[in-house]
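Working notes for the structure below.
Keep in mind that the numbers below use all heavy atoms, side chains included, and drop hydrogens, waters and symmetry copies.
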Amino acid sequence: MTNRSLATRLSGAVLLAASAVLSAQQPAPPAPQQQQPTSVELRLTGESGTPPRLAVPDLLALSPDRETQEAARTISEVLWDDLNFEREFSLIPRDTYKSIPAAGSIDAVPFDRWRELGADGVIVGTVQKTATGIRIEMRLYNVRARQSAYGREYTGSAANPRIYAHTMSDELHDSQRSLRGVARTKLTFVSDRNREAVLATVEKRDVKEVFIADYDGANQRRITINRTMNLTPSWSPDGRSIAYTSYRTGVMDILISNIFAGTMESPTKGVGQNWLPVFSPDGSRIAFTSSRDGNSEVYVMNRDGSNLMRLTNTPAIDSTPTWSPTGTQIAFTSERRGQPQIFTVNVDGTGLRQISFESYADRPTWSPAPYNEIAFSARTGPGLDIKILNIGTGETRQITFGEGSNESPAWAPNGRHMAFMSTRAGRSHIFTVDRDGRNLRQITRDGNNTTPHWSQ
């Protein structure tokens, strides 16, 4: 594969791309303010070691206005979906709640009726309008014990009720299941859905812009507006910046958009062609691919572009770096043995090792701790499928099975899920799936969408 074909593949393939974009965006509502726990925290359990059966009826709207009523309904619906996503609770379908009278207050819960429905726990809450937004009180009740097992209060803006549900879900998973949830995380990806032509070229090519969305695909927003090719976005660990590849200057180069500061950095400063940036686990360094020395090689630099170090040195193409969770190794794709395969190397350039032995393997992504695995795209027929390699044992398992072509896997921060691109729905779209291949969900539906990355 030549450098030109690599560039073509990338072309086919925050928060913001420019200060002008940031000024045009409305700031996100502030995160909910959490008050002190409203009860002693207890662990909810199911019967005979099974996952707790949980009900999430609509929260009670204590204010009669329409906004509060809708916020109560939205929070309940989103919370049910968020809790169901991790499969740590057995969620009782919401359409079965109709026979059970709503709680008269947060303290008046019809425990007998919920027990008849088979619930081990029920989440009851209230939403009340305040002078500055809304106030939410939430309690998780143990139905058998008839006592509160967990409770929280939140205050904040009413502009985005979903963030309260996401916060509740993550905190409930932490408290009740000792699990880091992903409800508050976000996805970034590239899309041509605006169907605009690239500026300053006689060749007809669609613009590819960077988008972001909630982990479940809600609140999809276009971020870049520079009418060119923007590719392979990657979140910084603190979620305050996105690094990506852009043709804004006419060639592939790396840009970093600093979300809250409203600034943009160009760490590679236009030296050669540079693409596929990815932040180190501590956010201080970036690994990327560059042709600055003639060949496509993997480099590491400090975030500001200083302390540049070349890790690979071969006439063959080396690309698509990904960091180990410890930040001490990098996995990448290399064609030095013929077809693309996955290799690892220490960050000082030593210890090169081939770890995949497929007919074709590309786009590795290292899983978070405690998993020691790398997901990648493998040739399995006419298209590609997602496989996961256990680095310790060398065993590989397949996650997708020939439905369209499946590429660019990206792990969720808890390692239990991944996002990837697939053509199974016709065009290229972003999907998420659990690490065991279950719970497939389509995230995008408009245009072509590629190269997802999951925030921390």
Inset, instruction - I would like to know whether T245 and K208 meet side-chain contact (heavy atoms from CB on, under 4.5 Å); could you show each step before the answer? - result: CA-CA 11 Å; T245 308; K208 296 183 187 296; over 6 Å; no
Legend entry - Taking every non-hydrogen atom, the tightest pair across P57 and S76: O-OG, 3.4 Å
Legend entry - Set of residues satisfying salt bridge (charged side-chain N to carboxylate O under 4.0 Å, His left out) with respect to R285, sequence neighbours excluded: none
Inset, instruction - Drop me the distance from T320's OG1 to I342's CD1, to the nearest 0.5 angstrom. - result: 6.0 Å
Legend entry - Minimum heavy-atom distance A158-I134, with the two atoms named: CB-CG2, 3.8 Å
Legend entry - 4.5 Å side-chain heavy-atom contact, R424 and T400: yes
Inset, instruction - Salt-bridge test for E358 and R379: reply yes if a basic N is under 4.0 Å from a carboxylate O, no otherwise. - result: no
Legend entry - Short side-chain to backbone donor-acceptor contact, T333 and D362, under 3.5 Å: no
Legend entry - Option passing salt bridge (Lys or Arg N to Asp or Glu O under 4.0 Å) with E209 (candidates R221, R222, R193): R222
Inset, instruction - Could you tell me whether R336 and D318 have a side-chain N and a carboxylate O separated by less than 4.0 Å? - result: yes
Legend entry - H429 side chain vs T444 backbone, donor-acceptor pair below 3.5 Å: yes
Legend entry - Nearest heavy-atom neighbours spanning N449 and S191: OD1-OG, 2.8 Å
Legend entry - Side chains of L276 and F288 in contact at under 4.5 Å (non-hydrogen atoms): no
Inset, instruction - Examine the side chains of S296 and S319 and answer whether a donor and an acceptor come within less than 3.5 Å of each other. - result: no
Inset, instruction - Decide yes or no for E403 and S422: does some side-chain heavy atom of the first lie under 4.5 Å from some side-chain heavy atom of the second? - result: no
Inset, instruction - Spell out, as yes or no, whether a donor-acceptor pair under 3.5 Å connects the side chain of N274 to the backbone of S290. - result: no
Legend entry - Flag for S236-D238: side-chain donor and acceptor within less than 3.5 Å: yes
Inset, instruction - Measure from the side-chain N and O atoms of H453 to the backbone N and O of W235, and report whether any donor-acceptor pair falls under 3.5 Å. - result: yes
Legend entry - CG-CZ distance between D170 and R180, expressed to the nearest 0.5 angstrom: 8.5 Å
Inset, instruction - Decide, yes or no, whether a salt bridge links R441 with D81 under the criterion of side-chain N to carboxylate O below 4.0 Å. - result: no
Legend entry - Heavy-atom side-chain contact between S408 and P452 under 4.5 Å: yes
Inset, instruction - Measure the shortest side-chain to side-chain distance between L140 and L54 over non-hydrogen atoms and say whether it is less than 4.5 angstrom. - result: yes
Legend entry - Whether W323 side chain and V278 backbone form a donor-acceptor pair below 3.5 Å: yes
Inset, instruction - Sort and list the pairs that fulfil ring-ring contact (aromatic ring centres under 6.0 Å, His included) and have at least one residue in residues 382-418, not counting sequence neighbours. - result: F85-H417
Legend entry - Interatomic distance, T268 atom OG1 to I256 atom CD1 [nearest 0.5 angstrom]: 8.5 Å
Inset, instruction - Give the minimum heavy-atom separation between Y150 and M138, together with the two atoms involved. - result: CE2-CE, 3.7 Å
Inset, instruction - Test side-chain contact (heavy atoms from CB on, under 4.5 Å) on W366 and I391 and set out the steps. - result: CA-CA 10 Å; W366 215 309; I391 300 174; 3.4 Å; yes
Inset, instruction - Decide, yes or no, whether a salt bridge links E407 with R363 under the criterion of side-chain N to carboxylate O below 4.0 Å. - result: no
Inset, instruction - Determine yes or no for a side-chain-to-main-chain donor-acceptor pair under 3.5 angstrom, with Q176 supplying the side chain and L44 the backbone. - result: yes
Inset, instruction - Quick one: closest heavy-atom pair of M418 and P409, and the distance? - result: SD-CB, 3.9 Å
Inset, instruction - List for me each residue that meets side chain to side chain donor-acceptor pair (under 3.5 Å) alongside T344, sequence neighbours excluded, and say none if there are none. - result: none
Inset, instruction - Step by step, work out the side-chain contact (heavy atoms from CB on, under 4.5 Å) result for S377 and M421. - result: CA-CA 10 Å; S377 305; M421 185 281 290; over 6 Å; no
Inset, instruction - First locate atom CZ of F376, then atom CD1 of I386, and finally report the distance between them rounded to the nearest 0.5 Å. - result: 9.0 Å
Inset, instruction - Measure the shortest side-chain to side-chain distance between D82 and H166 over non-hydrogen atoms and say whether it is less than 4.5 angstrom. - result: yes
Legend entry - Nearest-0.5 Å distance, CG of residue L255 to OH of residue Y247: 13.0 Å
Inset, instruction - Kindly indicate whether the side chain of T314, heavy atoms from C-beta on, has any atom under 4.5 Å from the side chain of E297. - result: yes
Legend entry - Minimum heavy-atom distance between V347 and Q329, given as atom pair plus value: CG1-N, 3.9 Å
Inset, instruction - Check whether the side chains of S241 and R303 place a donor and an acceptor atom closer than 3.5 Å, and report yes or no. - result: yes
Legend entry - L231 side chain near T451 side chain, heavy-atom distance below 4.5 Å: no
Inset, instruction - Pick out which of T228, N226, T232 makes a side-chain hydrogen bond (donor to acceptor under 3.5 Å, both in side chains) with N230. - result: N226
Inset, instruction - Kindly say whether A165 contributes a backbone atom to a donor-acceptor pair with the side chain of S169 at under 3.5 angstrom? - result: no
Legend entry - Polar contact flag, side-chain donor to acceptor under 3.5 angstrom, W454-T185: yes
Inset, instruction - Answer yes when D214 and K186 have at least one side-chain N-carboxylate O distance shorter than 4.0 Å, and no when they do not. - result: yes
Inset, instruction - State the CG-CZ distance between N448 and F189, to the nearest 0.5 angstrom. - result: 12.0 Å
Legend entry - Intermediate values then yes/no, side-chain contact (heavy atoms from CB on, under 4.5 Å), R248 and D253: CA-CA 8 Å; R248 194 181 65 155; D253 207 1; over 6 Å; no
Inset, instruction - Measure from the side-chain N and O atoms of D436 to the backbone N and O of R438, and report whether any donor-acceptor pair falls under 3.5 Å. - result: yes
Inset, instruction - Kindly say whether S148 contributes a backbone atom to a donor-acceptor pair with the side chain of R139 at under 3.5 angstrom? - result: no
Inset, instruction - Could you tell me whether D446 and R427 make a salt bridge, using a distance below 4.0 angstrom between a side-chain N and a carboxylate O? - result: no
Legend entry - Donor-acceptor contact below 3.5 Å, side chain Q354 vs main chain S356: yes
